[in-house]
Amino acid sequence: MADYTRRAFLGFTAATAALAGVGALAIAFAGEGGLLRPPGGQDEGALVAACVKCDRCRSACPTNVVGVAHVEDGLLQARTPVLDFHKGYCDFCGKCQTACPTGALGSFDPQRDKLGVAVVQKDRCIAYFEGCVECEKACPYEAIALDDVGHPVIDAAKCNGCGVCENVCPALVYRSFAGGSRRGVVVVAPERYERLGRTTVEGESEMIV
């Protein structure tokens, strides 16, 4: 009986390890999600299925905000279009959608749909150390206001994730911070914002990385 119990335990352990391996493989292929997509690419499944990785959307973008996902984002996602707000911002001109030959970038209404939601990073935001109002001044949708002590506060309902705030943020330009490329305000995909929860993503102890 003891030997049978031992064999059962070893079998259970092996099965658990195998399932863990399958899960890791699935993540490697599909990624963890939450990528910031150009307008019309918010249906992740439809985008990945239709995108032929032709790079026409990136070539058509006048603000240079369209980049490509990397292997670490998932093998299926690699070379598909993503937004890089360190290089530009989205003005919803529609040129990436027009250039897409497969319809992977569908319809998008910036008054109704969201690319993402901006989140203040309190450990990086210059306004938490000295005066800075760059993001508040730059926001074209008046989604950023300053509180009584001059700290930026995001109105998630007004924010559509255009990335102007992250693009103009001087946190990695005028001040020195240890490591990483995260700025004082970052835009996260809507599903990531909802998954993490407003308290978590805006909390002082848990920052977007």
Side-chain angles (χ1 to χ4, degrees), residues 27 30-51 53-97 99-100 104-121 124 135 138-141 143-144 154-169 171-172 180-198 200-202 206-209:
I27 290 175
E32 296 185 5
L35 295 179
L36 284 165
R37 299 299 195 177
Q42 282 57 57
D43 185 333
E44 184 71 14
L47 181 142
V48 172
C51 180
K53 306 178 182 181
C54 66
D55 220 23
R56 292 183 186 179
C57 54
R58 180 165 63 157
S59 299
C61 180
T63 67
N64 298 315
V65 70
V66 179
V68 295
H70 302 290
V71 173
E72 55 265 31
D73 297 314
L75 296 178
L76 293 177
Q77 281 80 359
R79 300 297 302 173
T80 58
V82 294
L83 299 177
D84 184 350
F85 295 130
H86 286 210
K87 295 180 179 179
Y89 59 90
C90 184
D91 61 3
F92 305 104
C93 66
K95 291 182 179 179
C96 59
Q97 294 158 285
C100 179
L105 299 179
S107 62
F108 186 93
D109 181 355
Q111 300 302 319
R112 179 195 65 217
D113 305 320
K114 289 180 180 290
L115 298 177
V117 181
V119 179
V120 175
Q121 302 292 276
R124 294 285 175 108
C135 63
C139 179
Y141 296 94
I144 304 178
I154 310 295
D155 185 335
K158 292 182 179 180
C159 177
N160 65 2
C162 70
V164 169
C165 56
E166 184 172 347
N167 182 252
V168 303
C169 178
L172 293 177
S181 60
R182 181 166 47 89
R183 295 188 174 177
V185 59
V186 300
V187 178
V188 298
E191 63 269 24
R192 188 180 182 195
Y193 183 84
E194 295 299 327
R195 184 170 67 244
L196 294 177
R198 189 181 183 90
T200 299
V201 296
E202 293 187 353
E206 298 185 73
M207 299 296 170
I208 302 298
V209 293

CG on L83 to CG on L115, rounded to 0.5 Å | 6.0 Å
When rounded to the nearest 0.5 angstrom, what distance separates SG in C96 from CG in L105?
-> 5.0 Å
Between C51 and T80, the two heavy atoms sitting closest are SG-CG2, 4.0 Å
Considering non-hydrogen atoms only, spot the tightest contact between P81 and V66 and give its length.
-> CB-CG1, 4.0 Å
Nearest heavy-atom approach of A156 to V117 is CB-CG1, 3.9 Å
Working to the nearest 0.5 Å, report the span between SG of C90 and CZ of F108.
-> 7.0 Å
Qualifying residues under side-chain contact (heavy atoms from CB on, under 4.5 Å), relative to H86, sequence neighbours excluded = D84, E166, L172, S181, R183
Using side-chain contact (heavy atoms from CB on, under 4.5 Å) as the criterion, list what pairs up with C162, not counting sequence neighbours.
-> F92, P140, Y141, N160, V164
For the pair I154 and V119, evaluate side chain to side chain contact (heavy atoms under 4.5 Å, CB included) and give the outcome as yes or no after the intermediate values.
-> CA-CA 7 Å; I154 310 295; V119 179; 6.0 Å; no
Between atom CD of Q42 and atom CG of L36, what is the distance when rounded to the nearest 0.5 Å?
-> 9.0 Å
Would you say the side-chain atoms of K114 pair up with the backbone N or O of C159, donor to acceptor, closer than 3.5 Å?
-> yes
Interatomic distance, C165 atom SG to F85 atom CZ [nearest 0.5 angstrom] | 8.0 Å
Which pair of heavy atoms, one from G161 and one from V187, lies closest together, and at what distance?
-> CA-CG1, 3.9 Å
Note: K87 and N64 closest approach over all heavy atoms is CB-O, 3.6 Å
Which pairs would a plain distance check flag for residues 53-62, meaning a side-chain donor or acceptor within less than 3.5 Å of a matching protein atom at least two apart in sequence or in another chain?
{"from": "K53", "atom 1": "NZ", "to": "A78", "atom 2": "O", "distance (Å)": "2.9"}
{"from": "D55", "atom 1": "OD1", "to": "R58", "atom 2": "NE", "distance (Å)": "3.1"}
{"from": "D55", "atom 1": "OD2", "to": "R58", "atom 2": "NE", "distance (Å)": "3.2"}
{"from": "D55", "atom 1": "OD2", "to": "R58", "atom 2": "NH2", "distance (Å)": "2.8"}
{"from": "S59", "atom 1": "OG", "to": "D55", "atom 2": "O", "distance (Å)": "3.2"}

CZ of R79 to NE2 of H70: how many Å apart, nearest 0.5 Å?
-> 8.5 Å
R124 (side chain) donor-acceptor with R182 (main chain) under 3.5 angstrom | yes
Where is the tightest heavy-atom contact between V82 and V68, given as atom of each residue plus distance?
-> CG2-C, 3.5 Å
